[in-house]
Amino acid sequence: MNPSRRQALQVGGLLVFSALAGRTVYVQAVDGPDLAEKAKAERTVTWVNRAPRGDITGRDGTVLASSAVSYDVGVNQSLIAQYERTEMRLNESTGVNEEVVVDYGAAAVAAQLAPILNVDPLELGAKLVGDRSYQVIAQEVSPDTWRKIKALDISGVEPDQRTRRTYPAGTVAGNVLGFTHEGDRNRELIGAAGLELTQNKLLTGTDGKGSEEVGRSGVIIPTGEQEDKPARPGATVRTTLNSDLQSIAQETIDRTVSAQHADWGVVVAMEPATGKVVVLADSNSVDPSDPSATSEENRTARSVQAVFEPGSVGKVVTFATVLEEGAVKPEDTWTVPYTLRVESGESFEDSHEHETQTMTTAGILAKSSNTGTIQIGQKVSDDVRYDYMKRFGWGQATGIEMPAESDGILYPPSSWDDRTRYATMFGHGVAGTALQSLQVLATVANKGVRVAPRVIDAWIDADGKETPQARPEEVRVVSEATAKTLTEMLIGVTQEGGTAESASINGYLVAGKTGTSEILTDDSTVASFVGFLPARNPALAIAVIVNRPDETYGGTVAAPVFREVALAAMQALNIAPDPSVVAAQAARNGAGGERDANQ
């Protein structure tokens, strides 16, 4: 060969070799990691380990809301069509065990899955045939069931892990708990109402994740990378609710609303000294597991949202004001007519027609006289009364951990007209919630100190660490002496001759106030009774509100509900009847035979 030609070929070969070597180095050093990562990604299956949403419990730990992990089972129909079920069988001609295909396709998969899912194999087989990459064949499968399916190692059968909310107590505290919906991102549960909404961030846990490398057949590669990071559950929210009393209160108010053909009713109970809400019951309570089955207006908590004029319950604020200011004494006497015309020319009437009477301050409260209350309320200025209204909590949200709590309505004296000025003395021209009405009587029960109500007792994280609720701020509204005097006057409301005899309970002294406010738009009323017991050593304050009942007055509509719930509460709290009260009641009733105040 020509030397020049040989040299040219050598140089050319060297250049080709260099190019190939360079390309190999480039692929390995530069493109290699990216290509390897891409290949790994293509053969890696990932999933999310759903975090259980935290529980919501009653004060005793009774679970009111919980979460359950379940699986929706889906299939890749194309992979199912390629499935082959094999068995090791002896080849008689060779004497060697060999892997043999014994069944294949959708029929083979259905035959194995049907007994586990407890469904008909033919119906299941029909769902497995097609060209969809994901077809759901079973929903809400338990983890145990999914483990049995996974053990079959069928390529194309895929899980979709989901967390579902459960409410073991049904409708009990439904309006307090609220409900959830499933978000579009990762199917996480999101609070939509009640505590589920306000505590959503704490209840929501942190999802874990998992991954594994699989071959083209869908079989896990034993030497491939695998990861399984567990989820961290959300915090448990322990409420202050007594679930047994909550159930009794809901049943009682439902029964009354039905019997009275009322629009709605609520019962709220709290510990005056701590602010812990024991009962927060709404009629027609929503079932959190199926909120759509309840009308939209019944899915909220009217106990903290619905606003109404408190009526004569508002007189408690007026009497507390004049007593604290030293303007009147319980034994002062007044001339009380049925109709009273004030300086502005406005006329006001009592609820029942009567002759002009001489009554004490205490008697006016016991009989709930409007005309007497106006005379008493005029002993202090409008600005002073307004200041005490604010101190008792009118016109401001209590701060309870519920969504959409109403502030109520309280206008300053500068905006009062000639009629509103007097109407505010007996609970009109001002509006609030059931919780705010309860707060007024609870303040009197707590020796004149207002403690903001709360419905959460503590938060408990996934590690068991408990964070108690901070004690609410206390506000001194009236002196202990004034609260004590007013308590004795409120006891008279439930005694013989008072407006709420039907709230009395044998063996216990009850202090309270009836309320009846007119709904001017349709000539109906809001009937209420708010009280506390045992009156001289209060354990519980309770408010009952019934909107638009057939009957009119709080003493006949709401007071009996109070009595039923209060008696159940005394039994639940193991507060025995007071022997001295039993003896006094027996003595009062001795002449005409013993009267059971519980009947």
Side-chain angles (χ1 to χ4, degrees), residues 47-70 143 161-210 228-243 246 270-271 274-280 286-289 291 300-301 304 397-405 452-473:
W47 64 86
V48 175
N49 289 325
R50 308 291 180 194
R53 190 172 176 84
D55 291 348
I56 303 177
T57 74
R59 62 167 50 195
D60 63 353
T62 300
V63 176
L64 301 174
S66 189
S67 293
V69 174
S70 64
Q161 189 183 48
R162 301 174 67 179
T163 301
R164 289 179 168 88
R165 205 62 165 154
T166 61
Y167 299 89
T171 63
V172 174
N175 298 70
V176 183
L177 301 174
F179 43 87
T180 63
H181 66 86
E182 198 175 60
D184 295 330
R185 184 181 64 84
N186 292 334
R187 289 189 166 180
E188 75 279 22
L189 294 178
I190 301 172
L195 295 180
E196 294 278 25
L197 173 59
T198 65
Q199 305 302 301
N200 184 67
K201 185 175 181 180
L202 290 168
L203 289 166
T204 301
T206 303
D207 288 341
K209 61 181 180 179
D228 194 4
K229 181 181 178 181
R232 182 176 175 81
T236 291
V237 176
R238 186 174 70 223
T239 71
T240 59
L241 298 176
N242 182 312
S243 54
Q246 176 80 20
M270 67 179 277
E271 298 171 355
T274 67
K276 293 183 179 182
V277 174
V278 178
V279 170
L280 195 62
V286 65
D287 181 352
S289 63
T300 61
V304 300
T398 68
I400 194 170
E401 309 90 336
M402 293 287 291
E405 184 189 9
R454 55 193 172 112
V455 75
I456 294 179
D457 189 45
W459 297 268
I460 306 165
D461 69 16
D463 298 322
K465 180 182 177 182
E466 183 172 315
T467 303
Q469 170 76 280
R471 184 174 177 83
E473 180 184 358

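- For the salt bridge (charged side-chain N to carboxylate O under 4.0 Å, His left out) test, residues two or more places apart in sequence or in another chain that qualify with D457 are R238, K276.
- Taking the side-chain hydrogen bond (donor to acceptor under 3.5 Å, both in side chains) definition, one finds that T57 meets it with nothing, sequence neighbours left out.
- When the side-chain hydrogen bond (donor to acceptor under 3.5 Å, both in side chains) test is applied to S289, the partners found at least two apart in sequence or on another chain are D287.
- Put simply, CH2 on W459 and CD on Q469 are 4.0 Å apart, with the number rounded to the nearest 0.5 Å.
- T163 is linked by a side-chain contact (heavy atoms from CB on, under 4.5 Å) to R50, S67, V69, L189, counting only residues two or more places apart in sequence or in another chain.
- Residues passing the salt bridge (charged side-chain N to carboxylate O under 4.0 Å, His left out) test with E271, sequence neighbours excluded: R59.
- With sequence neighbours excluded, the residues forming a side-chain hydrogen bond (donor to acceptor under 3.5 Å, both in side chains) with T62 are D60, listed by chain and number.
- The side-chain contact (heavy atoms from CB on, under 4.5 Å) check on A452 picks up P472, with sequence neighbours excluded.
- Judged as a salt bridge (Lys or Arg N to Asp or Glu O under 4.0 Å), not a single pair has a partner in residues 169-181 (not counting sequence neighbours).
- For A51, the side-chain contact (heavy atoms from CB on, under 4.5 Å) partners are D207, A231, not counting sequence neighbours.
- Residues I460 and D55 are not in side-chain contact: their nearest non-hydrogen atoms beyond the backbone lie 4.5 Å or more apart.
- In terms of heavy atoms, R454 sits closest to T274 at NE-O, 3.6 Å.
- Partners of D463 by salt bridge (charged side-chain N to carboxylate O under 4.0 Å, His left out), not counting sequence neighbours, listed by chain and number: R232.
- Residues E401 and V237 fail the side-chain proximity criterion, which asks for heavy atoms closer than 4.5 Å.
- For the pair L197 and P403, the tightest heavy-atom approach, listed with the atom from each and the gap, is CD2-CB, 3.9 Å.
- For the salt bridge (charged side-chain N to carboxylate O under 4.0 Å, His left out) test, residues two or more places apart in sequence or in another chain that qualify with R165 are E196.
- In this structure P143 satisfies the side-chain contact (heavy atoms from CB on, under 4.5 Å) test together with Y71, R147, sequence neighbours excluded.
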